[in-house]
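Structure first, then comments.
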Amino acid sequence: MFHGMDPDRAAIREVVENWALWRDAGDWERFATVWHADGHMSATWFQGPARDFIAVSREGFERGVSILHFLGGTTVDVRGERAIAQTKMTILQRAAIDGVDVDVDCLGRFYDFFERRAGAWRIVRRQPIYEKDRLLVLDPAARLTLDRALLERFPLGYRHLGYVQTKLGFDVRLGLPGLTGEAVAALYAQGREWLG
């Protein structure tokens with residue numbers, strides 16, 4: 001019989017949802033509360049302390065950079081004061097590439113290392129897993145020719161997202177975790193070690 005989610009999993013799920021809502025709405029003060037002080041964020045275009053991620057996300061938001069997040073289901077493994085949460089997500093970025101407006105949709109999972117400190121579950125580390133993506137031209141009459149060499153630099157999971165972000169001037173990291181492969185296997189091993 002279903003009696004609802006246990007309090008730890010519910011609290012963790014709430015943090016995951018708050019991350020997406022507050023970041024995308026530009027609610028930076030509340031967005032800062034989803035992280036522990038030593039929190040670390042990885043993305044295609046950023047790897048470093050959460051406090052720096054908040055600052056550069058805010059700068060981009062104020063410049064009109066459009067990156068949104070849509071969440072799906074979550075699964076949480078809790079062991080004592082630590083947890084791993086995986087949440088289905090879509091990263092949605094809109095941009096003009098070579099004068100043509102496009103949307104990129106990247107499907108994957110947020111893989112979050114959580115810890116409860118002073119009674120509060122917060123994110124210690126977030127590493128997205130990039131499963132697949134696509135690029136959509138907004139105007140059906142517009143023509144966009146992609147640079148194949150640039151496109152093929154990036155793994156399948158975030159090929160179009162990496163392309164668009166590089167075109168916008170971001171330094172996009174290669175070798176991030178996808179659906180299969182060494183990078184995601186290493187991430188899962190780190191998760192097992194975190195739960196210890």
Answer with yes or no whether the hydrophobic clustering places Ile129 together with Leu176; edges join I, L, V, M, F, W, Y residues whose side-chain heavy atoms lie under 4.5 Å apart. no
From CA spacing to verdict: side-chain contact (heavy atoms from CB on, under 4.5 Å), Arg23, Phe31: CA-CA 6 Å; Arg23 189 216 167 277; Phe31 182 53; 3.5 Å; yes
How many angstroms lie between atom OG1 of Thr33 and atom CG of Asn18, to the nearest 0.5 angstrom? 7.0 Å
With sequence neighbours left out, what residues match Arg148 under side chain to side chain contact (heavy atoms under 4.5 Å, CB included)? Leu151, Glu152
Does atom CZ of Arg9 have more than 12 heavy-atom neighbours, drawn from other residues, nucleotides or ligands, at distances under 6.0 Å? yes
List the residues meeting side chain to side chain contact (heavy atoms under 4.5 Å, CB included) with Ala20, not counting sequence neighbours, and say none if there are none. His69, Leu71
Quiz: residues 140-147 side-chain donor-acceptor pairs under 3.5 angstrom, not counting sequence neighbours:
| unit_1 | atom_1 | unit_2 | atom_2 | d |
| --- | --- | --- | --- | --- |
| Asp147 | OD1 | Ala149 | N | 3.1 |
| Asp147 | OD1 | Leu150 | N | 3.1 |

Output all residues satisfying salt bridge (Lys or Arg N to Asp or Glu O under 4.0 Å) with Asp101, sequence neighbours left out; order by chain, then residue number. none
Closest heavy-atom pair and its distance - Leu195, Ala83: CD2-CA, 3.7 Å
With a 4.5 Å cut-off on side-chain heavy-atom distances among I, L, V, M, F, W and Y, is there a chain of contacts connecting Ile12 to Ile84? no
Test side-chain contact (heavy atoms from CB on, under 4.5 Å) on Val184 and Leu179; report intermediate values, then the result. CA-CA 7 Å; Val184 77; Leu179 186 57; over 6 Å; no
Hey, are Arg79 and Asp8 close enough for a salt bridge, meaning a charged N less than 4.0 Å from a carboxylate O? no
I'd like to know if Val65 and Leu135 are part of one continuous hydrophobic network [Ile/Leu/Val/Met/Phe/Trp/Tyr, side-chain heavy atoms within less than 4.5 Å]. yes
Pro128 versus Met41, closest heavy-atom pair with distance: CG-CE, 4.5 Å
Could you pull out all residues at least two apart from Arg159 that satisfy salt bridge (Lys or Arg N to Asp or Glu O under 4.0 Å)? none
Per ring pair (Phe, Tyr, Trp, His ring centres under 6.0 Å), Tyr158 is matched among Phe170, Tyr130, Trp45 by Tyr130
Looking at Glu29, I want to see if its CD is surrounded by more than 12 non-hydrogen atoms of other residues, nucleotides or ligands under 6.0 Å. no
Holding to salt bridge (Lys or Arg N to Asp or Glu O under 4.0 Å), I want the full list of residues that pass it with Lys132, two or more places apart in sequence or in another chain. none
To the nearest 0.5 Å, atom OG1 of Thr87 lies from atom CG of Asp112 at 6.0 Å
Can you sort out the partners of Arg153 under side chain to side chain donor-acceptor pair (under 3.5 Å), two or more places apart, ordered by chain and number? none
Closest heavy-atom pair, Val76 versus Val78, reported as atoms and distance to 0.1 Å, is CG1-CG2, 3.7 Å
Identify the two heavy atoms, one from Gly175 and one from Pro155, that lie closest to each other, and give their separation to 0.1 Å. N-CG, 4.1 Å
Test salt bridge (Lys or Arg N to Asp or Glu O under 4.0 Å) applied to Arg117 and Asp38, step by step: CA-CA 12 Å; Arg117 299 179 191 167; Asp38 57 345; 3.0 Å; yes
Give me each pair satisfying side chain to side chain donor-acceptor pair (under 3.5 Å) with a member in residues 160-171, each pair once, sequence neighbours excluded. Thr44-Gln165, Gln93-Gln165, Asp98-Lys167, Asp133-His160
Please assess Phe110 against Lys88 for the test side-chain contact (heavy atoms from CB on, under 4.5 Å), listing each intermediate value before the final yes or no. CA-CA 7 Å; Phe110 285 134; Lys88 289 295 295 180; over 6 Å; no
Neighbour count above 12 (heavy atom, 6.0 Å) for Glu14 CD: no
Shared hydrophobic cluster for Trp19 and Ile67 (ILVMFWY, side-chain gaps under 4.5 Å): yes
Can you tell me how far apart CE (Met89) and CG (Leu107) are? Round to the nearest 0.5 Å. 8.0 Å
When clusters are formed from ILVMFWY side-chain contacts under 4.5 Å, directly or step by step, what else is grouped with Phe70? Leu68, Leu92
Where the side chain of Arg82 meets the backbone of Phe114, is there a donor-acceptor pair that is under 3.5 Å apart? no
Spacing of Arg58 atom CZ and Asp27 atom CG [to the nearest 0.5 Å]: 10.0 Å
Parallel, tilted or perpendicular, judged at 30° and 60°: which one describes the rings of Trp28 and Phe61? perpendicular
Pairs of donor and acceptor atoms involving the side chains of residues 47-57, under 3.5 Å and at least two apart or interchain, shall be tabulated with distances.
| unit_1 | atom_1 | unit_2 | atom_2 | d |
| --- | --- | --- | --- | --- |
| Gln47 | NE2 | Ala43 | O | 2.6 |
| Ser57 | OG | Phe53 | O | 2.8 |

Short question: side chain of Trp121, backbone of Val15 - any donor-acceptor pair under 3.5 Å? no
For Arg125, side chain to side chain contact (heavy atoms under 4.5 Å, CB included) partners two or more places apart: Phe113, Gln127, Leu187, Gln190
Do the ring planes of Tyr188 and Tyr111 sit parallel (below 30°), tilted (30 to 60°) or perpendicular (above 60°)? tilted
CA sep, side-chain torsions, deciding dist, call: Glu131, Arg109, salt bridge (Lys or Arg N to Asp or Glu O under 4.0 Å): CA-CA 8 Å; Glu131 295 176 345; Arg109 281 171 281 150; 2.7 Å; yes
Who pairs with Ala95 by side chain to side chain contact (heavy atoms under 4.5 Å, CB included), at least two apart in sequence or on another chain? Ile97, Val164, Leu168
Show the numbers, then the answer: is there a side-chain contact (heavy atoms from CB on, under 4.5 Å) between Val104 and Leu136? CA-CA 6 Å; Val104 178; Leu136 306 165; over 6 Å; no
